[in-house]
Colleague: 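What follows is a structure written as structure tokens; I'll ask about it next.
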Amino acid sequence: MNRTGRIIGIVLMLVLGVVLLYLAFQPSKLFLFLHGFGERIGCGIIGAFLIFAGVMNLFHRKK
């Protein structure tokens, strides 16, 4: 993968993780399915994983 595609992938992963964490703490009125605690916990876990994976990809060195 070229450098531009790698950077775009990392940025998209981080942005999606931040959005999911935001929705886990303050669900929007638009997304009615996020008002249960199970869905909010799931969004939080997935968002945290995406942020973690994005940061790990950011500092990963190619072999």
Side-chain angles (χ1 to χ4, degrees):
M1 180 183 289
N2 60 7
R3 185 169 176 84
T4 308
R6 183 171 177 247
I7 291 173
I8 290 173
I10 291 170
V11 169
L12 287 175
M13 196 178 300
L14 290 173
V15 168
L16 186 61
V18 168
V19 168
L20 283 174
L21 275 180
Y22 176 76
L23 288 175
F25 287 110
Q26 295 180 355
S28 173
K29 303 265 188 230
L30 181 65
F31 301 115
L32 295 176
F33 58 90
L34 289 177
H35 289 288
F37 289 113
E39 290 84 6
R40 291 173 70 177
I41 291 172
C43 278
I45 290 172
I46 293 171
F49 175 75
L50 285 175
I51 291 174
F52 178 71
V55 170
M56 293 301 289
N57 282 336
L58 186 64
F59 295 112
H60 180 72
R61 295 180 189 248
K62 280 186 144 181
K63 290 184 179 180

Colleague: Applying a strict under-4.5 Å side-chain criterion to I, L, V, M, F, W and Y, I'd like to know whether Phe59 and Ile7 cluster together.
Modeller: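 No; Ile7 is not reachable from Phe59 via cluster members.
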Colleague: Is Val55 reachable from Leu21 through a run of I, L, V, M, F, W or Y residues, each pair having side-chain heavy atoms under 4.5 Å apart?
Modeller: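 In one cluster with Leu21: Val55, yes.
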Colleague: Other hydrophobic cluster members with Leu50, side-chain heavy atoms of Ile/Leu/Val/Met/Phe/Trp/Tyr under 4.5 Å, chained?
Modeller: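 Listed partners: Met13, Leu16, Leu20, Ile46.
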Colleague: Under a single-linkage definition using a 4.5 Å side-chain heavy-atom cutoff for Ile, Leu, Val, Met, Phe, Trp and Tyr, are Val18 and Phe25 assigned to the same hydrophobic cluster?
Modeller: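 The answer is yes; both residues are in one hydrophobic cluster.
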Colleague: For Ile10, what residues pass the side-chain contact (heavy atoms from CB on, under 4.5 Å) criterion, not counting sequence neighbours?
Modeller: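 With neighbours one apart ignored, the set is Arg6, Leu14, Asn57, Leu58.
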Colleague: Of all the heavy-atom pairs spanning Gly44 and Ala24, show the shortest one and how long it is.
Modeller: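 Taking every non-hydrogen atom into account, N-CB, 3.6 Å.
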